[in-house]
Number of protein chains: 2
Amino acid sequence: MARPKIHEDDLLDRLTEVFQAHGYEGASLSRLSKATGLERASLYHRFPGGKEEMARVVLDRAAGWLVRHVLAPLREPGRPEERVARMAGLLGEYYLQGRRSCLLDTLSLGGEDSPFQSRVREAMATWVEAMASISSEAGLPREEARRRAEDALVQIQGGLVVARGTGSREAFLRVLDDLPRLLAGTDG
Amino acid sequence: MARPKIHEDDLLDRLTEVFQAHGYEGASLSRLSKATGLERASLYHRFPGGKEEMARVVLDRAAGWLVRHVLAPLREPGRPEERVARMAGLLGEYYLQGRRSCLLDTLSLGGEDSPFQSRVREAMATWVEAMASISSEAGLPREEARRRAEDALVQIQGGLVVARGTGSREAFLRVLDDLPRLLAGTDG
DNA sequence: GTCTATAGCTTGATAGAC
DNA sequence: GTCTATCAAGCTATAGAC
């Protein structure tokens, strides 16, 4: 732990990118090694649990990011609409305006047998609840707030899939722009 | 070609399911063999190009389905809203109400180097154009019709991702129910 | 903490019997 | 047209030097 923290963070960033781009099965140790500059054995030294542990750590880290940047705005000052806009801006940065995929998408392949299913489920639930809270605080009835939060997650995820599939990030950016209205607006 | 056509169709159905559930890299020949009941070598007899050809055929077949069930309603009788509802119903069946993932999602991992990138892009473009046409026919200005069609694709794909991730298909079904209003409504 | 070397298994793919 | 047997290459993972 005498190592500079930036080192560890950089490493996790690189690993994250590979899992985002290729999913779990596509993230071979060769790719992970190449992306990090560390040999396979060095990766095993840091992650004795191997590839599965890497994905777990990377996913938990992303979930932590989510809590810090999506849940946090709840306790910050400002109108709900402004806070949602801030969240949208941070999401845009995180996903590089749609150039990166979401781990909750790429690590959820394989269905029931996936070792990450429960983690993905929890992360999505947390995300939805946080957005539902903002929406509720904005004055919307509980049920509608929750519905809108689910729709928001649907649109974010769909925007990323469409961006990856078409190469055009336009629709994803429109989703982000529209988030304040969707979650906190009274006309939508 | 003396074989009953049902055989070939069944085979392609099974292959499709594996690619939907596991993506390209996760669809190992073991899984494809197990799912079809054919040994590896038999699969190679039918698909000399191997796994990549299997995915290509499966993807082209899905694109064909799309043309027949999404483009076709354009030329059928009925109000645009009704025809969109019919498309939504067919999509619900195709994706088993959200229990199945979309090939355009699962085969688009890997980014630029993916051998299916152009196919996925074309399929998504076709899909959007078809929906934009219905929307335009419903009386919406060209630009808005196209925007709504893109949003529709975003919501369909997002609904499937969220269904896979959360295990709850509620949000996806809501997307389908809402499609007629989104594409042909004057209030959304 | 990183490396080289290697083990053992699974992968995608082929040859040839039936 | 399907199979068994087999191949080389890639995979995940480990051992041990430095």
Side-chain angles (χ1 to χ4, degrees), chain A residues 1-59 61 103 106-107 109-111 113-116, chain B residues 1-59 61 103 106-107 109-111 113-116:
Chain A
M1 276 303 164
R3 289 266 155 211
K5 195 182 180 184
I6 188 83
H7 222 194
E8 171 84 356
D9 256 26
D10 264 8
L11 176 64
L12 290 175
D13 281 344
R14 312 292 178 88
L15 294 178
T16 299
E17 286 166 26
V18 178
F19 284 111
Q20 283 173 331
H22 297 96
Y24 183 73
E25 314 235 22
S28 65
L29 283 179
S30 313
R31 280 179 174 143
L32 294 166
S33 166
K34 198 168 167 185
T36 57
L38 286 181
E39 290 301 324
R40 274 171 263 250
S42 306
L43 288 174
Y44 274 92
H45 178 261
R46 303 221 188 187
F47 305 92
K51 192 169 116 167
E52 189 170 324
E53 183 182 351
M54 294 181 217
R56 227 184 307 123
V57 169
V58 150
L59 184 51
R61 182 164 170 266
L103 287 174
T106 67
L107 288 184
L109 288 187
D113 11 333
S114 162
F116 314 108
Chain B
M1 274 303 165
R3 289 267 155 209
K5 196 183 177 185
I6 188 82
H7 223 194
E8 172 83 357
D9 254 27
D10 264 7
L11 176 64
L12 290 174
D13 281 343
R14 310 293 178 89
L15 294 177
T16 300
E17 285 166 27
V18 178
F19 284 112
Q20 283 173 331
H22 297 95
Y24 184 72
E25 314 236 24
S28 65
L29 284 179
S30 313
R31 280 180 175 142
L32 295 165
S33 166
K34 198 167 164 186
T36 58
L38 286 182
E39 290 301 322
R40 273 172 264 250
S42 306
L43 288 173
Y44 274 92
H45 179 261
R46 304 222 186 185
F47 305 92
K51 191 170 119 169
E52 189 170 325
E53 184 182 350
M54 294 182 218
R56 227 184 306 122
V57 169
V58 150
L59 185 50
R61 182 165 171 265
L103 287 174
T106 67
L107 289 184
L109 288 188
D113 12 332
S114 163
F116 314 108

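In what follows, chains carry the letters A, B, and so on, assigned in the order in which the sequence lines appear, proteins first and then strands, with residues in each chain numbered from 1. In this text, all values refer to a predicted model and were calculated from it rather than measured experimentally.
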Q.
Tell me the closest heavy-atom pair linking P48(B) and E53(B), and the distance in Å.
A. N-OE1, 3.2 Å
Q: Please report, rounded to the nearest Å, how far the P atom of dG1(C) is from the CG atom of L11(A).
A: 12 Å
Q. Could you give the NZ-to-P distance, from K51(A) to dT14(D), as a whole number of Å?
A. 15 Å
Q. Which heavy-atom pair separates A27(A) from V18(A) by the least distance, and what is that distance?
A. CB-CG1, 3.8 Å
Q | Residues in side-chain hydrogen bond (donor to acceptor under 3.5 Å, both in side chains) contact with S30(B), at least two apart in sequence or another chain | A | R40(B)
(Q) Using whole Å, what does the distance between atom P of nucleotide dG1(D) and atom CZ of R46(B) come to? (A) 7 Å
Q: Pull out every residue in residues 18-40 of chain B that has a heavy atom closer than 4.0 Å to any atom of DNA chain C, ordered by number, or say none.
A: A27(B), S28(B), L29(B), S30(B), R40(B)
Q) Between E25(A) and R31(B), does at least one N-O distance fall below 4.0 Å, as a salt bridge requires? A) yes
Q: Return the minimal non-hydrogen interatomic distance between F19(A) and T106(A), and the atom names on each side.
A: O-OG1, 2.9 Å
(Q) Any side-chain N or O of S42(B) below 4.0 angstrom from OP1/OP2 of dG1(D)? (A) no
Q) What's the OH-P distance between Y44(A) and dA15(D), to the nearest Å? A) 12 Å
Q | Interatomic distance, H45(A) NE2 vs dT4(C) P [rounded to whole Å] | A | 16 Å
Q: Measure the spacing between OH of Y24(A) and CG of L109(A) and express it to the nearest 0.5 Å.
A: 13.0 Å
Q | Side chain of H7(A) (C-beta onward), nearest among dT2(C), dT2(D), dT4(D) | A | dT2(C)
